[in-house]
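The basis for the numbers below is simple: all heavy atoms, side chains too, and nothing from hydrogens, waters or symmetry mates. This one's a predicted model, so the numbers in the text were calculated from it and none came from an experiment. Lettering of chains follows the sequences in order, A, B, ..., and the numbering in each one begins at 1.
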Amino acid sequence: MYKTKQEILVKSKKAIGKSFGEIDLYNRLSNYKNKGNLGQIIEESFFEYAVNSRSEPDFIEAGVELKVTPFKLNKNRTYSSKERLVLNMINYMTEGVKSFYTSSFWNKNSIILLMFYLYDFETFYKDMKIEYTYLFEFSDEDLIIIKKDWEIIHDKILKGLAHEISEGDTMYLAACRKGNKNSKLRQQPFSAVLAPSRAYSLKGSFMTSLLNEKVIGIKSKEKIIKDVSVLKEKSFEEYIYCVLSRYKGQKVEHLNNQFRINGKAKNSNAVLVARLLGLEGSISKSSEFLKANIKVKTVRVNKTGNIKEHMSFPNFQYKKIVEENWETSSLREMFETTKWLFVIFKEGNDGYFFNSVLFWNMPISDLDNEYKEVWDKTVKCIKKGNIYNFTNTRNQRVTYFPNANENRVGHVRPKGKNSKDTYELPVEDNKLKVMEYTKQCFWLNNKYILGIVSKRNLDKVSRGGDKL
DNA sequence: GCATGATCATGC
DNA sequence: GCATGATCATGC
């Protein structure tokens, strides 16, 4: 058994360039595209210790946990982690009474030996190779944020809300669902409601940054937090709120002039926030936003206190979405793992004024109930060839997709270059007899957004903030 | 003023 | 060229 971090790291390097098939001594991999258990192969055949499921790290004496994890080459030739790094299961009953440093997370995962293999859709698992190994320990700045993340998860357990935990609640450390749909729901200590089983995990976005910046060694991204010590007093979100509150009530046109921003560009609001935060580049490319998978959205509140526009999200492809199921759908995945930063502008007598920002992620119940209904109906329409309804008096093609009236959370509407900008259909449309249709995407209803913005603004009032 | 189809502007 | 975020346009 290996006794020190260094011994383990040195040994791990000998796996670089080897395929799982070459390493595997016990024939755990067949010729099929079967993932089997790649981690077990490394444990048994490479490090030569018996597979276990203890709560201690795999290499007890060295305190090192072993993780074998995939990364992929993107079309634009950059590398991404293929998935989140799933760590140990959360036992809600026992974790509730722990503190960060006595938690099962910290006990098992404070030092992780990462072995990255290159995943490729067309390759058998036995032929995929280990490309990098890296001994990972949390940096001071990451650890501050991770501790806060752990506390957010812990707090939900203490409040009897384990069933409402979502990956979007936190920045880098998340509680991700583990086990299939039919696996048993778990007890939690402060509520009778059973909660889905979840495991601690490092977000896919965090792993991608780690891979690129620490393992491969690509230049680091611009940071919003230039001095870590500010995070000792405030959380990341509080810091952002604090910095931006200085600009509250300033006219957008004025701010745009001051920071030399082209106000006509549709991304000008995101650029503006980046400048207000002192960034040279874009906010979506900042280190923290990339690692935490935070996306920026503009919200404009008009004079009457309403939000004029619904909020759009990426297009879906008809042929792909019909192959998905809700539990693993790209829509669900996006809304469970993404945190959004709403940048709120308020209309005044002569134009728009910067108001505030708001971090938000979709509550699991909204996602798995109402938004699921929108998704279900959409998929049903496509599968049945039931998309086109009639042509209205403006010569526009009206669809059967779920509209904004029938669902509290969201709807489906076109989004593309123009109406001739289409994706292929899996089945012919019943009425039009065509095999393609105008690109569409999922939207969030403006009223739903308004509910979020005004509710949270009330919360802020009680903490001394201002009303919209 | 809402509902909903259509389309613009940018970045990569 | 295309995906994406944001916004326009108009009948009811």
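- Backbone-only engagement by A:Asn403 is indicated by non-hydrogen atom pairs under 4.0 Å involving sugar-phosphate atoms exclusively.
- Side-chain atoms of A:Lys248 do not come within 3.5 Å of backbone N or O of A:Ser356 as any donor-acceptor pair.
- Nearest-nucleotide positions on DNA chain B place A:Lys308 closer to the 5' end than the other of A:Lys308 and A:Asn418.
- Of the two residues near DNA chain C, A:Lys439 and A:Lys415, the one whose nearest nucleotide lies more 5' is A:Lys439.
- A donor and an acceptor atom, one from each side chain of A:Arg397 and A:Thr438, are located under 3.5 Å apart.
- Residue A:Lys420 is classed as having no contact, given no heavy-atom separation below 4.0 Å to the nucleic acid.
- Cation-pi contact between A:Lys439 and A:Tyr423: present, with separation from the ring centre below 6.0 Å and deviation from the ring axis of at most 45°.
- A:His411 comes within contact range of no nucleotide atom at all, as no heavy-atom separation falls under 4.0 Å.
- The salt bridge (Lys or Arg N to Asp or Glu O under 4.0 Å) test applied to A:Arg177 returns A:Glu327, A:Glu336, not counting sequence neighbours.
- If A:Asp421 and A:Ala270 are placed on DNA chain C by their nearest nucleotide, the residue sitting closer to the 5' end is A:Asp421.
- Taking the six-membered ring where the residue is Trp, the centroids of A:Trp340 and A:Phe313 are separated by under 6.0 Å.
- A:Asn445 and A:Asn407 form no side-chain donor-acceptor contact under 3.5 Å, judged by distance and modelled atom types alone.
- As judged by a 4.0 angstrom heavy-atom cut-off over every strand, A:Ser312 is placed among the base-contacting residues.
- A:Tyr423 comes within 4.0 angstrom of the backbone, heavy atoms only, and of no base.
- DNA chain B is contacted by both A:Val271 and A:Asn446; A:Asn446 maps to the nucleotide lying nearer its 5′ end (nearest heavy atom per residue).
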Using atom types as modelled, flag every donor-acceptor pair under 3.5 Å from a side chain in residues 254-263 of chain A to any protein atom, sequence neighbours excluded.
residue	atom	partner	partner atom	Å
A:Asn257	ND2	A:Glu253	O	3.4
A:Asn262	OD1	A:Lys264	N	3.0

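- In 5' to 3' order, the nucleotides of DNA chain B bounding all contacts with chain A (an atom under 4.0 Å from a heavy atom) are B:dC2 to B:dC12.
- Heavy atoms of A:Asn262 sit under 4.0 angstrom from primed sugar atoms or phosphate atoms, though from no base atom.
- When heavy atoms are screened at a 4.0 angstrom cut-off, A:Asn392 is found touching no nucleic acid atom at all.
- Across all strands shown, A:Pro414 has heavy atoms under 4.0 Å from base atoms, whether or not it also approaches the sugar-phosphate.
- Here A:Ser282 lies out of heavy-atom contact (under 4.0 Å) with every strand.
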